[in-house]
Amino acid sequence: MMRTETFSFSIHATAGAARAGVFTTPHGAVETPAFMPVGTLATVKALDPRELHEAGARMLLANAYHLHLRPGEEIVAQMGGLHRFMGWDGPILTDSGGFQVFSLATLRTVTEEGVEFQSHVDGSRHIFTPESVMAIERALGADVIMQFDHVIPGQSDYATAREASERSVRWLERCERAFARDAGCGMRDATGSWGKDPASEAVPRPASRIPHPAQALFPIVQGGIHAELRREAALAIHDMGDWVGYGIGGLSVGEAKPEMYTMLEVVDGVLPTDRPRYLMGVGFPEDLIEGVRRGVDLFDCVAPTRMGRNGTAFTSEGRLNVRRAELRTDEQPLDRECDCATCARFSRAYIRHLFAADEMLGPRLLSLHNVHFLMTLMRTARDAIATGAFDAWSRAWLDRYHSRPVSVP
Ligand SMILES: [Zn+2]
C-alpha cells in the first residue's frame, strides 16, 4: 500500500494484471478501476455535478489549457479554486494542456524551453513551459495535476516519437522542480519522507487568495507505438523518483487498437504495481475493459458526453444511434439492463423525438446515460475482479458487445 499524508492507493484484489483498489485523495476516495468524466472547461457538458455524483462519478477531469484561456487560472483561484468554482467536492484531476497545445492550438513553435502557440479561441499568443503549466495547475488547485508533455500523432515514426518522448522526460524533471518548490507531494525526497522540498521553505508564499491544497504530480509515459520507447520512458520516469501515480499518454490518437493494447502491456511490465495508472483520453467501453485487463486503474474521455450530444448511446449490445427512424415507436429504454435516470423513465421513441426536434433535453439525457453506463461498467469490472470472475466476465462482455452492434453511426 502506498501512502502519503494525503494520498494513498490500496489494492484489494487482483485478476492477472487487473486490480481492484482504492485511490484516496484530499477530496475523497475513488474505487478503482474508475472512469473520470471530462469537464474540459470546469463543466461536464450539460450535466450538473449532482447528477454526475448520482450516476456514480467520483473523480472529474478539467483542463489547464482551456481554463487558462477562459476564464484564466487567476479567476478560478480567486473564486476559491476549482472544486469550489465548479461545485464539485470530490477529487479532480487537471490535464496539463500538452494534448491541447499540440492538437487544438495553431501556429505552434516547439523548442526545448516550451511551446509558443496561438489560442484556438481568439488567436492570442501564449507560451507554455513546464514551469508555467505547473503554476497554472497549482492555481487551479486540482488534487492530481499532470506534467506538461510533448504529444505527437499516433502514427508518428520512431525518430519523432523518440524526440517527443525524451523531451517529455526532460520536461518532467523541470515540472517536478517547479512543483517541489511550491507544493511537494509529487514524489518522495532523498530522505524517504513525503512532503515539502526543504529548499522550498525559503520561498515565501505569495500574498494572494490562491489556495494551497495538497496536490500530487503525475508523470506521463510517452513513446508513441514503439515498445522500446515506451519501455525506456517508463524506466526513466520510474528511476527519477517515487511517484504517487503514473499517466500513460499519447494513446487512442489514431493508432490501431492492438497497438495500444501492446503498449499497455509493455508499460504494465515496468511501472510499479502498487501505484495507480491512468490511461489518458481513453473511454470507449471495449477499451476500458481491455485497459483494466492490462493493469490500468483510471480512465478519462470526452466520448460519453460528446457521443451523447451527437445522438449515440452506449449499450451492452453495442452503440445505438438514437436518430434512426425505426426507433420512432420503440417503447424500450436505451438499454434494458441500465438503471440510470434516463433509462428508468424515458423510451427510445421519446429520446429520438427530442433529437429530431433539436430539444436540449435529448443531449442531456443521453450524456447522463452514457456516463452512467461507463460508471456501471467499471463497478461491475471491479466486482468481477474481487470475486475472481473477471477473466470470464470480461471475455463474455466483449463478445456480446462486439457481436451485435445495434447500430453504429
Ligand atoms: Zn441508461
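Heavy atoms only: backbone and side chains are in, while hydrogens, waters and symmetry mates are out. Atoms within a ligand are numbered from 1 in the order they appear, just like the ligands themselves.
- Here the two rings, on Tyr278 and Phe299, have centers that are 6.0 Å apart or farther.
- Protein contacts to the Zn ion (ligand 1) involving N, O or S atoms at a distance below 2.8 Å are Cys338 SG, Cys340 SG, Cys343 SG, His369 ND1.
- Nearest heavy-atom pair across Arg138 and Gln215 is NH1-OE1, 2.5 Å.
- Shown here are the ring pair (Phe, Tyr, Trp, His ring centres under 6.0 Å) partners of His66, two or more places apart in sequence or in another chain: His120.
- Of the charged side-chain nitrogens involved, at least one lies within less than 4.0 Å of a carboxylate oxygen, so that Asp268 and Arg277 count as a salt-bridged pair.
- Arg319 forms a cation-pi arrangement with Phe284, by the criterion of a distance under 6.0 Å to the ring centre and an angle within 45° of the ring axis.
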Requested in this report: Determine, step by step, whether Arg275 and Asp242 satisfy the salt bridge (charged side-chain N to carboxylate O under 4.0 Å, His left out) criterion, reporting the C-alpha distance in whole Å, the side-chain angles of both residues, the deciding distance to 0.1 Å, and the verdict.
Outcome: CA-CA 9 Å; Arg275 301 298 144 97; Asp242 198 3; 2.5 Å; yes
